[in-house]
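Counting starts at 1 for both ligands and their atoms, following the listed order. Bear in mind that the values here come from a model prediction, so they are computed numbers and not experimental data.
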Amino acid sequence: MAKIFCVANQKGGVGKTTTTVNLAAGLAKLDQRVLLVDLDPQGNATMGAGINKAKLTASIYEVLLGMSDVTTAKLRSESGRFDVLPANRELAGAEVEMVSLENRDKRLREALAKVDADYDFILIDCPPALSLLTLNGLCAAHGVIIPMQCEYYALEGLSDLANTIKKVSANLNPDLKIVGLLRVMFDPRMTLSQQVSDQLEQHFGDKVFKTLIPRNVRLAEAPSYGIPGVVFDPASKGAQAYIAFGAEMVERIKQLEK
Ligand code: ATP
Ligand code: MG
């Protein structure tokens with residue numbers, strides 16, 4: 001049975017895709033069987049895993065609409081050593097086309113149930129919106145990882161996300177929990193980064209992952225080569241932090257299960 005996690009934050013550009021791709025590759029390095037689900041029409045996770053989103057014969061779009069299944073549509077990230085259910089801009093259409101379908105918020109959950117036994121982890125990269133696509137991600141997952149930048153407006157919007165997660169867990173998916181908040185693009189030289197980081201710890205205590213992901217140019221360069229940062233330059237500070245985060249995740253899941 002795979003553990004399924006959603007990486008979500010409706011704010012754009014906060015490090016969701018970087019986190020999903022590097023966690024996938026980090027877990028693969030620990031010999032875990034991983035499926036990365038790209039739930040964003042931007043297809044950034046697909047490209048970051050080294051798969052050309054312009055040349056897909058099947059994608060998550062067909063899977064959500066019941067025209068294909070995960071086993072047929074999935075591709076291999078050779079650089080990251082994990083499977084990918086890829087996405088491209090076609091997926092934007094699914095948002096509209098799914099509205100009239102039965103069980104429209106559980107389409108992804110139903111599709112993933114069929115491959116559950118093939119993986120240890122399924123990681124879902126959500127789009128920057130609290131949309132029907134994100135709802136499908138939340139309904140399919142056991143937990144949510146929320147990447148956050150330690151900046152002035154970081155907390156704004158967090159309550160909307162937390163409320164959505166609460167509603168989903170009350171009405172649609174009782175399994176759903178917030179696994180933790182991950183501080184990303186952290187710059188220790190900035191007093192503000194440190195202050196917001198401290199505030200997060202005060203407000204959310206144990207829900208804040210101990211691992212801090214620093215701002216690191218190697219993480220930003222890696223996607224243009226189609227290689228996850230943790231593989232592209234394993235010695236870089238960013239890669240080391242994501243490896244540590246993978247280990248912390250595994251530990252945290254063990255505790256959640258107790
Ligand atoms: P979107 O909301 O558009 O899906 P996102 O939340 O998935 O964005 P990313 O695409 O992961 O965010 O990151 C936004 C930008 O910041 C990218 O150019 C990425 O390479 C860069 N980036 C992410 N994390 C880091 C980091 N730790 N250090 C340096 N650059 C980073
Ligand atoms: Mg993204």
Quiz item: Backbone N or O of Q149 within a donor-acceptor pair of the K11 side chain at under 3.5 Å?
Solution: no

Practice problem: Could you tell me whether E102 atom CD has more than 12 heavy atoms of other residues or ligands within 6.0 Å of it? | Solution: no

Exercise. Can you label the angle between the F245 ring and the F209 ring as parallel, tilted or perpendicular, going by 30° and 60°?
Key: perpendicular

Exercise. Would you kindly specify which portion of D40 sits under 4.0 Å from ligand 1, judged on non-hydrogen atoms: side chain, backbone, both or neither?
Key: side chain

Quiz item: Under 4.5 Å between side-chain heavy atoms, hopping through other hydrophobics if needed: is there a path connecting M67 to L75?
Solution: no

Exercise. Give the residue, atom name and distance (to 0.1 Å) of the protein heavy atom nearest atom 20 (O) of ligand 1.
Key: A220 CA, 3.4 Å

Quiz item: In the protein, what heavy atom is nearest to atom 3 (O) of ligand 1, and what distance, to one decimal place, separates them?
Solution: Q42 NE2, 3.1 Å

Quiz item: Below 4.0 Å from any atom of ligand 1, is there a heavy atom belonging to P214?
Solution: yes

Quiz item: Protein heavy-atom contact under 4.0 Å for atom 15 (C) of ligand 1?
Solution: no

Quiz item: Does L219 reach ligand 1 with a nitrogen or oxygen that is under 3.5 Å from one of the ligand's nitrogen or oxygen atoms?
Solution: no

Exercise. Report yes or no: does T17 have an N/O/S atom closer than 2.8 Å to the Mg ion (ligand 2)?
Key: yes

Exercise. Could you find the nearest protein heavy atom to atom 28 (N) of ligand 1 and give me its residue, atom name and distance?
Key: N216 N, 2.9 Å

Quiz item: Are the side chain of E95 and the backbone N or O of L132 linked by a donor-acceptor pair below 3.5 Å?
Solution: yes

Self-check item: Geometric N/O contact G12 with ligand 1, under 3.5 angstrom
Solution: no

Quiz prompt | D120 to Q32 - nearest heavy-atom pair and separation | solution = CB-OE1, 3.4 Å

Quiz item: Looking only at side chains, do E221 and S224 share a donor and an acceptor under 3.5 Å apart?
Solution: no

Practice problem: Please verify whether a non-hydrogen atom of P223 lies at under 4.0 Å from ligand 1. | Solution: no

Quiz item: Would you say the side chains of Y242 and T19 form a donor-acceptor pair under 3.5 Å?
Solution: yes

Exercise. Consider every N or O of R215 and every N or O of ligand 1, then say whether any pair is closer than 3.5 Å.
Key: no

Quiz item: Are side-chain heavy atoms of L112 and I124 found at a separation under 4.5 Å?
Solution: yes

Quiz item: When you measure from atom 17 (C) of ligand 1 to every protein heavy atom, which one gives the shortest distance, and what is it?
Solution: T18 OG1, 4.8 Å

Exercise. Check ligand 1 against G15 and write out every atom of the ligand that is under 4.0 Å from a heavy-atom position of the residue.
Key: 5 (P), 6 (O), 9 (P), 11 (O), 12 (O), 13 (O)

Exercise. Check whether the side chains of S59 and N88 place a donor and an acceptor atom closer than 3.5 Å, and report yes or no.
Key: no

Practice problem: For N173 and H142, indicate whether the former's side chain and the latter's backbone hold a donor-acceptor pair under 3.5 Å. | Solution: no

Practice problem: For atom 25 (C) of ligand 1, grab the closest protein heavy atom and report residue, atom and distance to one decimal in Å. | Solution: M185 CG, 3.4 Å

Practice problem: Write down the atom of L212, the atom of S197, and the distance for their closest heavy-atom approach. | Solution: CD2-OG, 4.4 Å

Quiz prompt | Distance from atom 5 (P) of ligand 1 to nearest protein heavy atom, with residue and atom | solution = K16 N, 3.4 Å

Quiz prompt | Protein residue, atom and distance nearest to atom 1 (P) of ligand 1, heavy-atom basis | solution = G13 N, 3.5 Å

Self-check item: Ligand-residue contact atoms, ligand 1 with V14, heavy atoms, under 4.0 Å
Solution: 5 (P), 6 (O), 12 (O)

Quiz item: Can you find an N or O of T19 that's nearer than 3.5 Å to an N or O of ligand 1?
Solution: no

Quiz item: Should G238 be listed as contacting ligand 1, given a heavy-atom distance under 4.0 Å as the test?
Solution: no

Self-check item: Protein heavy-atom partner closest to atom 10 (O) of ligand 1 - residue, atom, separation in Å
Solution: T17 CB, 4.0 Å

